[in-house]
Amino acid sequence: AWPMALLLRAWLLVAALCGVWTADPACYDLLDPSDDVFDTMMLCNSTTIDHCFLVCGICTTPELRIGLSAGDRSKYCPTRGGPGSAPVEAAEISTLALLNVSAMQGYYWLDGGGPETNATECMLHLVKYLPRRDMLLLFSNPYQFIDYLTEHVRFSLKARQQFKFASETPWSIFLDHVLPHSLIDEKRDLWWRWRSRFFQ
């Protein structure tokens with residue numbers, strides 16, 4: 001069993017380096033309300049379609065799907081013809097998957113106290129309002145994008161704790177105007193690390 005695990009890791013590394021994984025093409029069909037897949041998704045409509053697309057991408061991208069428990073996978077995946085999910089539920093299950101994948105890579109929140117208190121709530125907020133263009137980045141570069149979001153959460157909370165003016169900012173304003181990793185049409189650069197650079 002041990003050599004097989006080593007072989008699997010080597011294959012995963014090659015696949016990740018070659019960038020061969022992305023969300024299943026069926027997920028992209030969800031974006032077209034005239035498609036048959038759209039009709040089979042209960043709870044998927046014009047206002048929840050981005051959330052359905054997010055869950056579909058999580059379910060069909062191997063690096064992200066592994067972050068779902070067996071129970072969640074059977075409940076939410078496959079999304080094609082499945083029950084669909086309400087927006088809040090979709091954000092919660094997707095956030096949990098991202099945090100689990102992050103933990104598998106050795107990144108953990110210190111939610112119990114210190115500068116990272118409320119980190120999970122921050123990640124949930126980012127995922128809940130994740131634009132479609134960022135979902136595409138997540139599905140095509142899962143590890144880099146999770147690291148990107150994690151860094152933004154860490155440094156925004158660190159700034160909130162370290163600077164008095166930041167700590168006095170109401171929580172709702174912090175979530176909507178300080179925490180976000182980018183503006184709507186701003187270029188996403190997963191490698192430049194602007195938040196950590198500006199924090200210095």
Side-chain angles (χ1 to χ4, degrees), residues 1-24 54-77 90-131 134-162 166 174-175 178-182 188-200:
W2 195 82
M4 187 63 154
L6 193 59
L7 192 63
L8 178 62
R9 281 183 180 221
W11 184 82
L12 290 173
L13 178 62
V14 170
L17 290 174
C18 294
V20 297
W21 281 337
T22 185
D24 189 291
L54 176 62
V55 173
C56 187
I58 296 283
C59 288
T60 60
T61 304
E63 300 100 324
L64 301 175
R65 181 183 170 95
I66 199 170
L68 295 171
S69 68
D72 285 338
R73 279 196 305 271
S74 65
K75 182 177 180 182
Y76 297 100
C77 309
E92 288 171 354
I93 195 66
S94 300
T95 299
L96 182 62
L98 298 185
L99 294 177
N100 288 339
V101 169
S102 185
M104 288 177 209
Q105 301 302 315
Y107 297 104
Y108 298 92
W109 295 127
L110 303 174
D111 261 338
E116 292 183 5
T117 299
N118 301 320
T120 301
E121 183 183 347
C122 289
M123 184 65 93
L124 175 63
H125 188 80
L126 289 178
V127 171
K128 186 176 179 182
Y129 297 104
L130 202 62
D134 287 350
M135 292 180 200
L136 297 175
L137 268 177
L138 172 63
F139 304 150
S140 60
N141 301 285
Y143 296 129
Q144 292 90 346
F145 197 77
I146 291 172
D147 190 41
Y148 177 71
L149 290 182
T150 300
E151 183 174 84
H152 280 279
V153 170
R154 281 214 160 100
F155 278 97
S156 61
L157 287 172
K158 193 172 180 181
R160 184 173 173 81
Q161 185 190 47
Q162 190 167 327
F174 171 81
L175 288 176
V178 178
L179 175 66
H181 52 282
S182 57
R188 275 66 162 163
D189 191 333
L190 303 184
W191 292 271
W192 194 70
R193 308 295 197 193
W194 72 263
R195 179 85 70 171
S196 57
R197 289 171 188 258
F198 288 178
F199 186 82
Q200 297 171 1

Indicate yes or no: at least one non-hydrogen side-chain atom of Asp134 is less than 4.5 angstrom from one of His181.
yes
Distance in Å, Leu138 CG paired with Gln144 CD, rounded so as to fall on 0.5 Å steps:
10.5 Å
Apply side-chain contact (heavy atoms from CB on, under 4.5 Å) to residues Leu179 and Leu157 and explain how you reach the verdict.
CA-CA 8 Å; Leu179 175 66; Leu157 287 172; 5.9 Å; no
Got Val101 and Glu63 here, is their nearest side-chain heavy-atom distance under 4.5 Å?
no
Might you point out which heavy atoms bring Phe174 and Cys122 nearest each other, and give the distance in Å?
CE2-SG, 4.1 Å
Check whether any side-chain heavy atom of Glu121 lies under 4.5 Å from a side-chain heavy atom of Leu175, and answer yes or no.
yes
Using side-chain heavy atoms (C-beta onward) and a distance below 4.5 Å, is Thr150 in contact with Met123?
yes
Do Phe145 and Leu64 touch side chain to side chain, with heavy atoms closer than 4.5 Å?
no
Stepwise side-chain contact (heavy atoms from CB on, under 4.5 Å) check, Val127 with Leu54:
CA-CA 9 Å; Val127 171; Leu54 176 62; 3.8 Å; yes
For residues Leu98 and Ile58, determine if any side-chain heavy atom of one lies less than 4.5 Å from a side-chain heavy atom of the other.
yes
Does some side-chain heavy atom of Leu124 sit less than 4.5 Å from a side-chain heavy atom of Leu96?
no
Kindly write out the residues that satisfy ring-ring contact (aromatic ring centres under 6.0 Å, His included) with His152, not counting sequence neighbours, or none if the list is empty.
Tyr148, Trp194
Set of residues satisfying salt bridge (Lys or Arg N to Asp or Glu O under 4.0 Å) with respect to Asp72, sequence neighbours excluded
none
Can you name the closest pair of heavy atoms from Ala166 and Ala159 and give their distance?
CB-O, 3.5 Å
Measuring from atom CG of Asn100 to atom CE of Met104, what distance do you get when rounded to the nearest 0.5 angstrom?
5.5 Å
Within-4.5 Å side-chain heavy-atom neighbours: Val178 and Arg160
no
Value rounded to 0.5 Å, distance of CD in Glu151 from OG in Ser156:
10.5 Å
Applying salt bridge (Lys or Arg N to Asp or Glu O under 4.0 Å) as the test, list every pair that has at least one member in residues 139-148; sequence neighbours left out.
Asp147-Arg193
side-chain contact (heavy atoms from CB on, under 4.5 Å) partner of Val153, chosen from Leu126, Thr120, Asn118
Leu126
